[in-house]
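Here is how names work: the chains are called A, B, and so on, in the same order as the sequence lines, proteins then strands, and each is numbered from 1. Not measured: the values here are computed from a predicted model. FYI, side chains are in, hydrogens and waters are out, and symmetry mates aren't considered; it's all heavy atoms of this structure.
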Amino acid sequence: MPELPEVETYRRFIEETSLHQTIAEVEVQDPKRQLQLDLDDFRRALLRNQFTGTQRIGKQLFLLTAQGPIVTMHFGMTGDVAYYRDAADTPRFARAIFFFENGFKLAFLDSRKFGRIGLTQSVDAFRLQKKLGPDALTLSTEELTQGLAKKKSAIKPLLLDQRIAPGVGNWIADEVLFQAQLEPERPAHTLQPAEVDRLASAIREVLATAIAAEAVYRDFPSHYLIHAREWDTAPASPVKDAHLHCPRCQTPIQKKYVGGRATYFCPNCQV
DNA sequence: ACGAGTGTTTCACC
DNA sequence: TGGTGAAACACTCG
């Protein structure tokens, strides 16, 4: 489920568990697919090295090391991290494992293998190369206005563009458009300044809320649209449509495809 | 059994 | 050149 809140949660987890320990070994299960450089080069950069800190831009995570090279991680659609000691506790789908000298392991989990691990010399160089915009968590109205300037396409796909608001993923885009009461297919150039301002505030507010709840959806405020998504109602709910109404006006939430992605919205509240 | 999917990149085509 | 839409990637889960 990695959108910005999950990646921020992983970042904090790694900060708390995996810094300042000597790396004794590195294993990557399917390096051709998931490692963006030669496995031997990757091992050489990390053996006897230590993680010293972390950074995050949008959904991209950076692990700084004592000797300079920076590990980059992107979690795709199903990436996660785990920290454990006993080999018997190795989680399913551990695609890359960093073995520390103290016996603990940091694992990169990814059932679907869409995640990527790489190496870079500088976060700034990486940011420029990937054209990542200003992190969505602190995105200002001015920055969002700038990102949307001269864009005529629908607002929702633009929110998913990592050059504009890196960190916003599919459900967050729906959530912020719901909170800002904007229709997902509104052409960006039709947004009034007050609407862009509302949208920027919603992006910051939703992300901060999600991070505070450590990205556990069920703990989100009851006025959030996320509770109307199918996968939130599925577990152990005999009343299948229990939450499928707008928390603001009770109109049934609708689903359609915008920019090829499943999109949930309230046809009454969002204009 | 079948289909959908939280992300990104690539490619064909306007 | 830029936008767009579809496909590809690989796999689980309902």
* Asked: When the aromatic ring centroids of F75(A) and F108(A) are compared, is their separation below 6.0 Å?
  -> yes
* Report the distance from atom CD of Q129(A) to atom C1' of dT9(B), rounded to the nearest whole Å. => 13 Å
* Under 3.5 Å donor-acceptor, Q162(A) side chain and G167(A) backbone -> yes
* Base, sugar-phosphate alone, or nothing: which one does F93(A) contact when heavy atoms must sit under 4.0 Å apart? -> sugar-phosphate
* Between dC9(C) and dA1(B), how far apart are the P atoms? Round to whole Å, please. => 22 Å
* **Which residue lies more 5' along DNA chain C, comparing G260(A) with R163(A) via nearest heavy atoms** => R163(A)
* Asked: On a plain distance test, is the side chain of R112(A) in donor-acceptor contact with the base of dG5(B) below 3.5 Å?
  -> yes
* Structure fact -> Which of R95(A), K113(A), R112(A) passes salt bridge (charged side-chain N to carboxylate O under 4.0 Å, His left out) with D30(A)? Answer is K113(A)
* Measure the distance from CG on L160(A) to P on dA6(C) and round it to the nearest whole Å. => 16 Å
* To do: Determine, using ring centers only, whether F13(A) and Y10(A) are less than 6.0 Å apart.
  => no
* To do: Using a cut-off of strictly less than 4.0 Å, decide whether Q162(A) has a side-chain nitrogen or oxygen near OP1 or OP2 of dG7(B).
  => no
* Under a cut-off of 3.5 Å for both distances of each Watson-Crick or G-U pair, what dot-bracket string does DNA chain B give, using [ ] for crossing pairs and | for inter-strand pairs? -> .||||.||||||||
* Asked: Below 4.0 angstrom from OP1 or OP2 of dT9(B), is there any side-chain N or O of R116(A)?
  -> no
* Look at the side-chain N and O atoms of K113(A) and state whether any lies under 4.0 Å from the OP1 or OP2 oxygen of dT12(C). => no
* **Interatomic distance, R261(A) CZ vs dA6(C) P [rounded to whole Å]** => 13 Å
* Asked: Under 4.0 Å between a side-chain N/O of K151(A) and OP1 or OP2 of dG3(C), yes or no?
  -> yes
* Asked: Between K105(A) and D89(A), does at least one N-O distance fall below 4.0 Å, as a salt bridge requires?
  -> no
* To do: Rounded off to whole Å, could you give me the CD-to-C1' distance for the E185(A) and dG5(C) pair?
  => 14 Å
* To do: Round to the nearest Å and state the distance from K256(A) atom NZ to dG5(B) atom P.
  => 16 Å
* Under 4.0 Å between a side-chain N or O of S153(A) and OP1 or OP2 of dT4(C)? -> yes
* Side-chain N,O (K255(A)) to OP1/OP2 (dG5(B)) below 4.0 Å -> yes
* To do: Establish, from distance only, whether the side-chain atoms of E175(A) and Q179(A) form a donor-acceptor pair under 3.5 Å.
  => yes
* To do: Identify, between Y257(A) and H74(A), the residue whose nearest nucleotide on DNA chain B lies closer to the 5' end.
  => Y257(A)
* Test item: K151(A) side-chain N/O and P187(A) main-chain N/O as donor-acceptor pair under 3.5 Å -> no
* **Geometric cation-pi criterion, R127(A) with F62(A): 6.0 Å, 45°** => no
* To do: Would you mind reading off the distance between N170(A) atom CG and dG5(B) atom C1', rounded to a whole angstrom?
  => 9 Å
* To do: Return the stacking result for dC9(C) and F114(A): yes when the ring centres lie under 5.5 Å apart and the planes under 30°, no otherwise.
  => yes
* **Per A262(A) side chain, nearest of listed nucleotides dT9(B), dG5(B), dT12(C)** => dG5(B)
* **N/O (side chain, K59(A)) to phosphate O (OP1/OP2, dG7(B)) under 4.0 Å** => yes
* Asked: Counting any heavy atom closer than 4.0 Å, what does K150(A) reach on the DNA or RNA strands: base, sugar-phosphate only, or nothing?
  -> nothing
* **Atom-to-atom span, CD of E6(A) to P of dG7(B) - whole angstrom** => 9 Å
* Asked: Rounded to whole angstrom units, what separation is found between the CE atom of M77(A) and the P atom of dC13(C)?
  -> 14 Å
